[in-house]
Structure formats: C-alpha cells, structure tokens
Amino acid sequence: MKKVLLVDDMKTVRLYTRQILEAAGGFEIHEASNGVEGLEKALESSFDLLLVDVNMPKMDGYTMVGELRKDPSTLAIPIIMISTESKKMDREKAYQVGANYYLVKPVAPDVLRIVSQLAVGAVP
Amino acid sequence: MPIALTDDRAVLSETCVIEEADSLLAWIKEHPGGVVDMERCNHMHAAILQVLLAARPTFGSPPEDAFLKEHVWPLLRNP
Amino acid sequence: MNPLLGQFILEARDLLEETSKGLLQLESNPDNMPVINGVFRAMHTLKGSSGLFEPDFLPLTKVAHAGEDLLDAVRNRELPFSSKLTDLLLESMDLISQWLDEIEGAEKLPAAALADGVQFAAKLRAALGKAPDVEEVVGKGVGKGDHEGKAAPSGVGWLSSMSAQKLAEAAKKGGSAAMTALCYEPDPSAFFFGEDPFYLVRQIPEIILFHMEAREPWPAVDGLDPYQCNLRFMVVSCGPLAELTHLFRYVGEQVQFTAVTVADLRPPSPAPSGGALSGSSSVSRTDSEVFQAILAEQLFILSLPCDAGCWRGRLVSMGKFLTNCFQRMGFTEAIAPLEKVIKESESVRNFEPVRVFLAPMVTGIPKKETQKTSLPSLAPPVSQAEAAAPQAEPSATKILKIDQSRIDRMLDLVGELVVAKNSLPFLASRAEKEYHARRLGQEILEYYGVINQLTEELQASVMQVRMLPVSSIFQRFPRLVRDISRKLGKNIQLVMEGEETEADKNIIEVLSDPMIHLVRNSLDHGIEDPSARRAAGKPEEGQIRLSAFQEGDRVIIEIRDDGKGVDPAVIKAKAYEKGLIDEERVENITDQEAIQLIFAPGFSTAEQISDLSGRGVGMDVVNTTLKRVGGRVFVNSVKGEWTLVRLELPMTMAITRVMLIELAGAMYGVPLEIVVETVRVERSDIHRVKQQEATVLRGRLLPLVRLRDLLGLSSDENGRREEAVLVVRPTGEEIGLIVDDFQKGMDIVLKPLEGILTGLPGYSGGALMGDGRVLLVLNLKELL
C-alpha cells in the first residue's frame with residue numbers, strides 16, 4: 001500500500017480525490033485541510049506521495065512544499081501540486097518551490113489516477 | 001522607466017509606457033544609424049511595440065525578458 | 001446517496017447562504033471590500049466544486065462562473081454595485097438553490113437545466129456589458145470533452161499562413177494537449193480606451209505559437225501615428241478555453257477563438273495523423289500519454305532557474321519521481337542509468353547529465369532545441385520572499401461543524417451517567433450496613449462527590465453546546481422582507497436586535513415556522529401600502545422590528561410592526577360569528593381580551609389565504625406550537641397604530657426524571673415526581689372491592705390498576721405470586737399501578753411526540769434512550 005496525503009481546504013475536493021484513488025486501489029489515504037496541518041503530517045510520517053492544493057488558508061501550498069523540500073526527511077517525496085490557475089507563472093512557481101508535477105483543476109479522474117500511480121511506482 | 005535617448009542609443013528598460021512612443025519614433029527618425037537597446041526591457045506598451053515593428057530600427061542585444069525573447073524578438077528582427 | 005454528492009450539496013448550500021448574506025449587506029454598504037471579496041470567493045469556490053461533477057452539473061458551473069465574473073468586475077471597480085445587480089445575483093442564487101434541491105432528490109439536474117443555465121449565464125454576462133460566453137463565438141465545437149481531435153473550421157485560415165518551421169515547433173510543444181487558436185485585432189482606438197493589447201496578449205497561458213503583424217501595411221515612418229493601433233495578434237495556446245475567454249472578456253468582440261488540434265498545425269499535406277491523440281476519439285488518456293507529458297514537464301523543470309537552497313530537493317525528488325514512473329511503466333532497465341545520472345548531476349552540481357539523459361526520451365524534441373540549463377548560483381541562497389508571510393487569518397472564534405445526532409447522543413449518555421452515578425450513595429450505604437465496611441463507605445461517598453460535581457458540569461456544558469443563537473432564524477428575514485415588500489409594492493424597513501440571544505436548538509427549531517408566519521402577517525395584513533399610510537398621516541416607510549432578549553430563564557421574541565393594528569371589534573364579531581363566544585361575553589369582554597381571541601382554535605385570521613401568508617397556518621397553530629415546548633404567545637395592539645406579538649420560551653429543554661417500568665416486554669416512563677414508592681405485593685394480599693382490585697398498605701386501602709389493561713395491552717399470561725406495584729400520586733390520591741417490573745430511574749430530555757403519534761392521549765412525550773430504544777412517557781393524569 002502506498003501512503004498518500006491529500007492537502008486541500010475543500011472537503012468536497014478531498015472526497016473526490018479519495019474516491020478516485022480508492023477505486024484505483026493500492027493507496028492508503030490521509031488528509032489535511034491546510035498547509036500547516038499538511039506540513040505537520042508530512043513531517044510526522046513518511047508518505048509516498050503528496051497531492052497539494054495551492055490555495056489554502058493558514059499556509060498555502062507553495063509555502064508548505066517549500067518547507068518540505070528543506071527538510072531531509074521530505075526532500076525527495078514526489079509532490080504533485082494542484083491549482084485552479086493554469087498560467088505559466090503559477091506552474092513555474094510550483095516547480096520553483098519543488099513540486100514534481102502540476103495539475104489544473106478540475107482534474108480528470110483518469111489523469112489523477114494515472115499520475116498518482118506513476119508517482120508512487122505502483123506495480124501494475 | 002523612461003527611455004534613455006542618447007546620440008547613438010535608445011535604451012529601453014523595465015516597463016516603457018505609451019507616452020514614450022512619440023519621442024521614440026522621433027528619435028528613430030532623427031538617428032538612422034542609432035541602436036535600440038532592449039536588453040533590460042521587461043515590457044513595453046503596444047504603441048511602442050508598433051513603433052519598433054513599423055520603423056525597423058537597428059537592434060542591439062536580445063532582451064533578457066523571457067516572453068520578449070521567445071516571442072517578440074524573432075518578429076522584430078524578421079517581420 | 002454518494003457521500004461526495006452529499007458533501008457537495010452541504011458545502012454548496014453554505015456558499016449560497018454566504019453569498020446571499022453578503023449581497024444584502026452590500027446593498028446598504030456597497031463599498032465594503034472585504035464583503036465583496038468574500039462573496040467573490042464564495043462564487044469561485046462554488047464554481048470549483050461544481051466543476052468536479054462535469055458534465056452533469058455543467059449548467060451550475062456556468063451560472064456560478066458568470067456570477068463570479070460579474071463579482072470580479074465589481075471588485076475591480078469596473079462595474080458599480082447596484083440594486084439591479086443584486087436582484088440578478090440573488091435570482092441566480094435561487095436558481096442554483098432550486099437545482100440543489102433537485103439534485104438532493106433525484107441526484108441530477110432537471111432536463112431544462114442546461115438551457116436555463118446558458119440563458120441565465122448570458123443574462124449575467126450581459127450585465128457586464130460585454131460579449132456573451134465564447135461558446136456562441138466559437139460555435140458548438142467547443143464544450144466539454146471536445147478536445148479530442150476535431151478539425152479546425154475555416155476560421156483559422158491564418159494558421160496555414162504561418163511558416164512551416166513555426167508550425168512544426170508549435171506542434172512539438174503542444175503534443176497531444178488541447179489547443180485554442182486565437183486571433184486578436186484590437187480596435188484602432190484601443191489605446192485611447194486605456195488598453196494595452198500587448199499586455200493582454202502576454203498573459204495568455206501556455207503559448208505554443210505566437211505571431212503579430214500589421215492589419216494595414218505600415219505607413220512610412222513620417223506618416224506613422226503610434227497611437228492608432230494597427231496590430232493583429234495570432235496565438236495558439238494550450239491553456240483552458242475558459243481562461244482564455246475570461247482574459248479577453250472585455251474585448252470579446254475583437255477576438256476570435258477556435259479549437260484546434262495538433263493536426264491543424266501540420267503544414268497542409270496528406271500526412272496521416274501523427275501524435276498520440278489527434279484523430280482518436282477516445283476520451284480517456286492512456287498511461288503512456290500521461291507519462292510522456294510528465295517527462296516533457298521534467299525537462300521544462302530542469303530549464304527553470306534554481307538557487308542553491310532548493311537545488312538538491314529538485315534533483316533528488318525528480319529522481320524518485322521518475323524512478324517510480326519508470327517502474328510503473330515497466331521501463332525497469334532505465335532505472336539504473338537514471339540513478340547514475342542523478343548522482344553525476346549531484347557531483348558536478350548541475351542538471352546537464354539528467355537533461356541529456358531525458359531529452360531523447362521525450363518524443364519529438366531533438367536535442368539541440370532544448371534550452372540550456374542554468375548553473376545553480378554558488379552564492380549564498382536568495383531569501384525566498386514568498387516564504388516570509390504565510391497567509392495569516394485572524395484566529396476568530398474557531399467553528400466546528402457537528403452532526404446534530406452526535407450532540408443528541410452525548411446528551412443521552414450524560415443522562416445515563418447522571419443516573420448511574422446515583423447508585424453510588426446506595427452502594428456506600430450497603431458497604432456500611434451489609435459488609436460493615438464503614439471506611440469503604442465513606443470513601444465511596446467522597447468519590448461520589450467528585451463525580452457528581454463533574455457530571456453536573458458535563459451536563460451543563462452539553463446543554464450549552466445545544467444552544468444556538470436566534471440569528472439562525474432571523475437571518476432569513478432580511479431577504480424575505482425585501483422580496484415580499486417589493487412584491488406587494490410596500491415600503492418596509494426591517495430592524496433586528498438581539499440576534500445573538502441563545503436558546504436550546506430544539507426550541508429554536510420550533511420557533512422557525514411560527515415566526516415566518518407572524519412576519520408574513522405583518523407584511524401582508526399589518527403594514528399598509530404607501531398611500532394608505534400617507535392618508536393616515538404615517539411615514540410612508542413602515543417598520544417591522546424583531547427583538548430577542550433574555551428575561552430570567554426565558555427567551556422573549558417580539559415582533560412589532562407599525563401597521564394598522566388589530567381591531568378588537570372585528571375580532572369580537574368574528575368570534576361570535578364562529579360561535580366561539582356568546583352574546584354575554586361579547587358585552588363584557590375587554591379589548592385586550594378580545595385581541596387574544598385570535599389564538600382560539602377555529603378562529604383562523606387567514607380569511608384571504610394569500611400565497612404569502614397562507615400555509616393554512618393560523619394563529620392558533622402558533623399558539624399550540626409554542627405551548628408544546630412550554631412557551632406562550634401574547635398579542636397586543638392599538639388599532640391603526642401598531643401590533644406587537646410576544647413569544648415567551650424556556651431557554652433550555654427541561655430534563656425530566658422518570659422511573660422506568662416494564663410492561664409486556666416494553667419500557668415506559670413514569671415521571672418520578674408523582675412516584676411515591678415501589679412495593680411488591682403478594683397475590684394473596686390483593687382483594688377485590690366491588691369491581692376494583694385493591695390492597696392494604698400500611699393500614700390504608702390502596703386501589704390497584706393493572707397498567708396493561710389501562711394501556712390496552714394483553715393480559716399477563718404468567719400467573720405471578722407477587723405483583724410489582726408502583727405507588728403513584730398523580731392528583732392528590734394514591735393509586736397502585738401493577739406493572740411487570742420496575743427498572744431504574746433515569747434522567748431524560750422529554751421531547752414532544754411527533755408524526756402519527758402527535759396528540760395521542762395518555763402520553764406526555766417520548767425520549768430516546770442510550771441504547772437507541774424509544775421510551776414513551778405516560779401521562780397518568782390523562783390515563784387515570
């Protein structure tokens with residue numbers, strides 16, 4: 001089982017993602033509703049993948065990812081950032097802080113599934 | 001920033017606003033051998049862009065700004 | 001229902017409420033920026049969640065999107081806020097709300113929704129004064145799921161005039177992604193409108209092809225007017241169409257959008273469709289398409305500048321990410337070489353080894369065209385300004401949303417805890433008397449004291465959790481008053497005070513319907529229309545005042561209007577007509593008393609059951625509703641001047657102590673206050689006196705009643721030697737109730753019986769026990 005952390009302030013979105021990943025199978029899903037909670041959880045246990053929303057209260061996705069990349073225990077975790085913005089600037093910013101991939105909402109279910117499976121190296 | 005006009009160079013830097021279009025055009029007319037330096041230019045108003053496209057002056061080094069370099073520069077050089 | 005759908009509906013309703021509330025606030029205070037932003041964000045979030053359910057909820061997304069754009073214009077000060085705007089937005093909230101109701105029931109939108117949605121969205125956009133939704137511009141070609149290989153219509157003839165090289169480059173950059181070709185010709189006077197078309201064009205996301213040219217041939221330099229815009233921009237972008245149309249929303253009529261695919265980027269030649277997606281009709285992406293996209297993106301990442309601080313993270317995480325991807329795709333032979341180049345990159349401190357390794361894997365990009373990577377700066381790391389300030393939110397009261405049933409369960413458990421703790425004193429007594437353990441008994445009592453204290457506090461806080469402010473009811477009235485007063489052509493101001501006053505949630509819930517009825521009464525029958533008010537010498541604007549406050553242990557709600565009041569004479573006449581009072585009463589009844597007659601059953605003031613006031617709810621229903629929870633209602637009025645309705649309610653729900661008894665396998669409750677004692681009587685001690693069974697208890701005759709018979713239950717089959725008798729005193733006289741057995745005493749929250757059990761005589765209410773069973777509490781006064 002691969003451990004995934006979903007970080008998004010909207011419960012509907014977390015549920016949506018959860019459903020897709022549960023249907024795919026092989027994922028143990030955890031959730032956080034803001035950057036602070038996400039940061040804490042990611043530093044506490046070791047995840048195989050983080051799916052991080054950009055716009056969140058308390059601490060946004062960029063800041064959270066930036067912090068994680070500074071810590072040796074989390075600097076190598078595959079991180080996918082998800083945002084409503086598709087401007088080049090936002091995509092670049094995500095990569096600058098250390099994301100490995102960038103998806104724009106709404107993410108098609110099959111894309112979400114495939115990217116997640118690729119990112120954790122799930123054996124087909 | 002205002003366009004710096006000297007005898008041989010017109011230097012565009014940072015953001016160039018519409019009000020400068022007239023003076024740039026006048027300078028280009030009066031300095032046929034002059035070089036337009038866009039190296040440090042980040043953005044120019046469309047009016048200025050027009051002047052450059054229409055008047056076809058001599059250009060100096062390519063701009064550092066990514067957008068201008070990738071999309072605009074080739075068209076300025078070979079319209 | 002799918003929990004995701006359920007969650008969406010919940011959130012959507014909250015967002016609608018937030019929006020409506022904000023809009024009403026803005027009506028009186030249009031410059032309130034935080035509120036404007038709040039309303040905008042709510043619409044934005046709604047659009048986002050709704051988007052998860054496309055294509056099913058597309059109409060909802062459209063309307064929300066249009067609303068969002070409208071609000072965006074307002075907050076950018078491009079559009080002034082107006083009453084008309086509020087109307088329009090409130091209407092769209094209503095539409096969405098209706099749709100949510102439909103979704104809750106049928107789990108999908110009604111058939112007309114798409115047409116309605118498009119129409120409504122157009123209406124909203126029209127208020128912006130700009131071009132309608134681009135779908136009309138582009139034609140039916142563009143919509144959901146459209147990005148799958150439709151040939152470009154002739155609108156993009158300009159594409160073929162591009163150089164072959166440019167097209168090829170664009171094709172490589174775009175790959176299998178969805179593309180939009182746009183041609184933007186700014187108005188010649190654009191600059192005079194303050195526009196900078198170039199600035200707009202720069203914001204186009206994901207440009208894969210860029211071209212600009214002169215619309216008319218350039219004049220000679222001497223005759224050139226720099227301030228007449230002569231530019232035409234032609235761009236192909238992989239960004240979402242919605243974003244593109246949004247970007248150009250103010251110059252919509254100057255831009256043409258066309259959906260294209262990579263097939264359109266090939267120079268005209270009968271080449272078969274290359275590239276993974278062009279021509280394919282499948283909607284889903286395959287693993288390898290996504291994998292390719294990921295690879296290409298990694299190359300892009302490598303080209304981005306990186307300072308020393310994040311350098312290692314980028315490299316190592318990319319290594320892990322790619323290793324996993326290779327694993328998943330089955331390219332296991334690539335894993336070891338990848339590790340090698342990652343290590344190499346680490347030692348030479350630049351990305352070149354990795355880039356060289358990846359580049360050939362990405363189809364269609366020959367090595368020489370990839371951008372050079374920048375060397376990481378070896379200077380001290382640049383401080384990241386963005387890390388400085390995380391978005392701080394003032395920590396106001398933290399709110400937790402809880403399921404109501406969980407609170408009820410807590411309350412039940414607390415009740416049981418209260419009863420359970422009461423056994424301890426008896427235990428202490430037994431310890432002393434039966435086991436001669438005096439010390440033990442005392443210690444038990446000490447601990448009982450502690451537990452008792454804690455339990456009482458616990459009980460108080462759980463009751464407190466159930467307290468809700470009356471604002472939860474009041475908040476619907478601004479909208480209600482606004483809508484109805486406008487509909488009736490009356491000018492009415494609503495004043496609310498004391499909304500923070502709290503009462504138990506069950507009581508608040510009970511208040512809801514009566515208050516709506518009373519306010520509607522004031523709107524409909526109370527306040528006169530402007531001309532009547534003028535004639536009466538009153539200000540044209542009528543006022544309805546809702547006040548809530550605490551008086552002792554009661555909550556008082558007052559609804560006061562300065563309308564035409566209640567005419568005692570009319571009431572008397574009506575009551576007499578309906579046979580509710582006789583002639584004598586008509587003579588000597590006071591005006592005050594007469595007004596109270598409106599609460600009499602059968603009176604019903606709603607003789608015109610207008611669609612506004614009439615649910616057929618009369619004042620008598622308001623009266624009984626309040627009585628059921630232990631409240632009262634009063635009316636006072638001066639004819640022609642004002643009417644005041646006063647609702648009095650207890651603040652908390654009463655906790656009743658009951659004794660549990662067993663009857664025919666079921667449990668019933670008897671209020672402890674009427675219980676005198678429990679006793680077991682031998683059969684032989686039960687005598688028949690006339691038709692009545694009785695026994696002698698401490699020298700007095702105690703009449704006995706078999707509760708089974710009283711409740712119409714079957715007789716006890718088992719002949720018992722001993723009967724369990726509950727001695728009660730409901731009204732001064734003692735009676736013994738024969739039951740099957742006694743159980744413990746218990747604290748319960750008595751709730752009125754609902755549904756088909758409403759008004760059943762003999763029961764004063766019911767309660768839910770800790771184990772989920774329902775307990776019926778007997779009203780012995782009625783039974784006996």
Side-chain angles (χ1 to χ4, degrees), chain B residues 1-3 5 10 12-36 38 40-59 61-79, chain C residues 162-163 165-166 169-170 173 184-237 251 300 303-305 369 371-372 374:
Chain B
M1 270 185 53
I3 301 181
L5 301 168
L12 279 64
S13 26
E14 291 179 31
T15 301
C16 302
V17 297
I18 184 176
E19 291 80 358
E20 311 251 37
D22 251 341
S23 18
L24 179 62
L25 181 59
W27 182 89
I28 293 177
K29 280 195 257 187
E30 285 151 35
H31 298 79
V35 168
V36 171
M38 285 174 56
R40 298 225 196 289
C41 178
N42 293 333
H43 177 63
M44 63 185 79
H45 189 278
I48 303 205
L49 184 57
Q50 281 201 135
V51 166
L52 296 176
L53 275 173
R56 301 194 53 190
T58 316
F59 289 99
S61 309
E64 280 172 359
D65 175 85
F67 189 92
L68 293 177
K69 186 152 117 185
E70 189 184 341
H71 298 300
V72 178
W73 184 246
L75 292 170
L76 286 176
R77 301 291 300 265
N78 304 309
Chain C
M162 294 291 106
S163 75
Q165 190 202 19
K166 253 195 147 141
E169 276 175 20
K173 284 191 210 173
Y184 172 36
E185 260 186 41
D187 189 292
S189 312
F191 301 160
F192 294 101
F193 297 142
E195 290 169 24
D196 180 358
F198 181 44
Y199 183 66
L200 205 54
V201 165
R202 284 187 74 141
Q203 291 172 67
I204 296 175
E206 302 184 57
I207 296 179
I208 58 172
L209 188 149
F210 181 91
H211 187 71
M212 58 185 174
E213 59 189 28
R215 257 198 350 261
E216 308 290 322
W218 295 114
V221 172
D222 283 324
L224 180 66
D225 178 359
Y227 300 119
Q228 286 288 315
C229 185
N230 186 29
L231 293 168
R232 178 191 291 141
F233 295 96
M234 292 114 95
V235 179
V236 178
S237 154
V251 291
F300 173 67
S303 73
L304 293 173
E369 281 185 8
Q371 293 160 317
K372 221 87 172 83
S374 48

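Just so you know, these numbers come straight off a predicted model, no measurement behind them.
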### Nearest heavy atoms of C:R215 and C:P188, plus distance in Å
NH2-CG, 3.3 Å
### Task
Please work out whether the ring planes of C:F210 and C:F233 are parallel, tilted or perpendicular, with thresholds of 30° and 60°.
tilted
### Query
Residue by residue, which of residues 41-48 of chain B have a heavy atom closer than 4.5 Å to a heavy atom belonging to chain C?
B:N42, B:H43, B:M44, B:H45, B:A46, B:A47
### Message
Using every non-hydrogen atom in the two residues, find where C:D187 and C:C229 come nearest and quote the distance to one decimal.
### Response
O-CB, 3.7 Å
### Message
Working to the nearest 0.5 angstrom, can you tell me the gap between B:M38 CE and B:L68 CG?
### Response
5.0 Å
#### Entry: Distance, nearest 0.5 Å, that separates CG of C:L231 from CD of C:E185
10.0 Å
### Task
Please say whether more than 12 non-hydrogen atoms of neighbouring residues, nucleotides or ligands are located less than 6.0 Å from NZ in B:K29.
yes
### Query
Can you say whether C:E213 sits under 4.5 Å from chain B via the side chain, the backbone, both, or neither, judging by heavy atoms?
neither
### Query
Taking every heavy-atom pair that is under 4.5 Å apart, which of C:D225, C:V221, C:V235 has the most such pairs with chain B?
C:V221
### Task
Decide yes or no on side chain to side chain contact (heavy atoms under 4.5 Å, CB included) for B:W27 and B:V36, but give the supporting numbers first.
CA-CA 10 Å; B:W27 182 89; B:V36 171; 4.3 Å; yes
#### Entry: For the student: nearest non-hydrogen atoms of C:Q228 and C:F192, plus distance
NE2-CE1, 3.9 Å
### Task
Identify which of B:L49, B:L24, B:V51 forms the greatest number of heavy-atom pairs closer than 4.5 Å to chain C.
B:L49
### Query
Listed by residue number, which members of residues 12-20 of chain B have a heavy atom under 4.5 Å from any heavy atom of chain C?
B:I18, B:E19
## Note on the structure
On a heavy-atom basis, the closest approach of C:F191 and C:P226 is CE1-O, 3.3 Å
### Query
If you round to the nearest 0.5 Å, how far is CD1 of C:I207 from NZ of C:K173?
9.0 Å
### Message
Suppose we screen for side-chain contact (heavy atoms from CB on, under 4.5 Å). Which residues come up paired with C:A214, at least two apart in sequence or across chains?
### Response
C:W218, C:N230
### Task
Pull out the residues in residues 199-206 of chain C that come under 4.5 Å of chain B, heavy atom to heavy atom, sorted by number.
C:Y199, C:V201, C:R202
